Amino acid sequence: SMPSLNVDSMELRIDSLKFLLQGSLTFFTLSSKGIHKPMVKGRLNSQLDLSLLDQALGLSNMELKGLLNMQANINGRFDGDKQLFPPTNASITLRNGFVQTSYYPQPVSNLDVDVAINGQSGTYNDLHIQLKPVSFQFEQQPFSLTADLRNLNNVAYNIAAKGTLNLGNLYQVFAIPDYGFKGMLKADLALQGTQTDLMEGRYQALNNKGTLEAINWQLRSRDYPYPFEVPSASLRFDREKAWLSNTQIQYRGNSMMLTG
């Protein structure tokens, strides 16, 4: 409902959405009032065998497997101006995940996800987001990402990534329209610090190490007639220092080299 056509009085309500799949119940409720600074209350409880869900939905161009568990409770106001975030307790886990589509012959396999979002005060200060980790295998190459983010007012971050990805082939798995991407990504890095230390130049307080490499990147978009290309790029971290080397960017015959 939207009394007097005032978007900040608009209300959305899902009193109860639930279904049973082979004895596992999924239950979801949501109410929201307002657009710019909405008051939100919701609850989600779901345990799903994705292979059974795949069969029930009759997906013709995708095969899904894995055990997905989602739990969430949220109750409060979003207000970016006042740095308010609804008190939240949420978790998503996926075990032995598998995704194969008709767009590419190789699957994303061994997909394990463990994500938690917690914050009880209703402000940015105690919001805590964890990826612990997200990992998968694609074309016999493993990749993992872990992250721990605290306090959106002054983000304290601890992030690690390791593995090799053929981003062009991974892009084909999901066949996102109007864009095209090719290239390899190699990551072996760990980043730790705070937003304030980074923005105020206290680089000695940062604890970063490792490398990030881009190889033969090419991005196509319907908004540009020619592709953007990055034949090579390398970024190396060592505590407070970072070095950019062998970085070349090309567009329509124009080329730029970056080192430093």
Side-chain angles (χ1 to χ4, degrees), residues 78-94 111-138 141-167 170-171 181 183-217 219 228-250 255-260:
F78 284 104
D79 187 339
D81 294 337
K82 295 182 179 179
Q83 300 178 336
L84 299 179
F85 192 93
T88 299
N89 185 8
S91 66
I92 301 173
T93 61
L94 174 64
L111 178 56
D112 288 305
V113 175
D114 191 346
V115 177
I117 304 174
N118 291 283
Q120 302 306 313
S121 72
T123 70
Y124 285 1
N125 290 339
D126 76 337
L127 190 63
H128 186 194
I129 302 171
Q130 296 173 286
L131 282 65
K132 46 180 186 178
V134 174
S135 62
F136 59 90
Q137 183 168 300
F138 181 63
Q141 294 281 1
F143 191 88
S144 67
L145 173 66
T146 62
D148 188 296
L149 307 175
R150 300 171 185 262
N151 183 6
L152 292 189
N153 283 322
N154 177 26
V155 178
Y157 60 87
N158 190 347
I159 302 170
K162 185 176 180 62
T164 301
L165 286 177
N166 187 322
L167 295 177
L170 184 62
Y171 176 91
F181 194 88
M184 301 287 293
L185 173 69
K186 292 185 177 181
D188 186 2
L189 77 163
L191 309 175
Q192 186 176 16
T194 69
Q195 177 184 353
T196 299
D197 288 337
L198 181 62
M199 299 301 292
E200 296 184 1
R202 295 191 293 268
Y203 303 121
Q204 71 280 1
L206 306 179
N207 186 17
N208 303 323
K209 58 184 178 181
T211 58
L212 188 66
E213 296 181 66
I215 304 169
N216 294 325
W217 282 20
L219 174 64
F228 291 90
E229 298 179 312
V230 182
S232 64
S234 178
L235 188 59
R236 181 167 65 91
F237 299 91
D238 186 7
R239 295 190 63 80
E240 76 276 11
K241 297 178 181 179
W243 293 268
L244 186 66
S245 61
N246 301 320
T247 300
Q248 184 179 9
I249 302 173
Q250 299 175 345
S255 181
M256 178 171 58
M257 291 292 296
L258 299 175
T259 300

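Being a predicted model, the structure only gives us computed values, none of them experimental.
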Quiz item: Hey, is the main chain of Gln141 close enough, under 3.5 Å, to the side chain of Thr164 for a donor-acceptor pair?
Solution: no

Exercise. Examine distances only and state if a side-chain atom of Asp126 and a backbone atom of Gln120 form a donor-acceptor pair shorter than 3.5 Å.
Key: yes

Rounded to the nearest 0.5 Å, what separation is found between the [atom1] atom of [X] and the [atom2] atom of [Y]?
X	Y	atom1	atom2	result
Phe138	Leu170	CZ	CG	5.0 Å
Glu213	Thr247	CD	OG1	10.0 Å
Gln195	Leu149	CD	CG	11.0 Å
Ile129	Leu152	CD1	CG	5.5 Å
Lys241	Gln204	NZ	CD	12.0 Å
Ile92	Leu131	CD1	CG	9.5 Å

Grab the two heavy atoms, one from [X] and one from [Y], that are nearest each other, plus how far apart they are.
X	Y	value
Lys162	Asp188	NZ-OD2, 3.4 Å
Leu191	Asn208	CA-OD1, 3.2 Å
Ala147	Ile159	CB-CG1, 4.1 Å
Phe181	Leu167	CE2-CB, 3.5 Å
Trp217	Gly183	CD1-CA, 3.7 Å
Thr146	Pro133	CG2-CB, 3.1 Å

Self-check item: side chain to side chain contact (heavy atoms under 4.5 Å, CB included) assessment of Asn207 paired with Arg239
Solution: CA-CA 4 Å; Asn207 186 17; Arg239 295 190 63 80; 3.6 Å; yes

Within a strict 4.5 Å, meaning less than it, do heavy atoms of the [X] and [Y] side chains meet?
X	Y	value
Arg236	Ser245	no
Leu94	Phe136	no
Leu206	Gln192	no
Leu198	Tyr203	yes

Quiz prompt | Heavy atoms of other groups near Met199 CE, more than 12 under 6.0 Å | solution =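 Counting neighbours around CE of Met199, 12 or fewer heavy atoms of other residues, nucleotides or ligands fall under 6.0 Å, so no.
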
Quiz item: For residues Thr196 and Asn154, is any side-chain donor paired with an opposing acceptor at under 3.5 Å?
Solution: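 There is such a pair (donor and acceptor under 3.5 Å, judged by atom type) between the side chains of Thr196 and Asn154.
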
Quiz prompt | Pair Asp148 + Arg150: basic N to acidic O under 4.0 Å | solution = yes

Self-check item: Lys/Arg N to Asp/Glu carboxylate O, Asp238 vs Lys209, below 4.0 Å
Solution: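 A salt bridge is absent here (no side-chain N lies under 4.0 Å from a carboxylate O).
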
Quiz item: Picking from Thr123, Asn153, Asn125, what satisfies side chain to side chain donor-acceptor pair (under 3.5 Å) with Gln83?
Solution: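 Only one option passes, and that is Asn153.
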
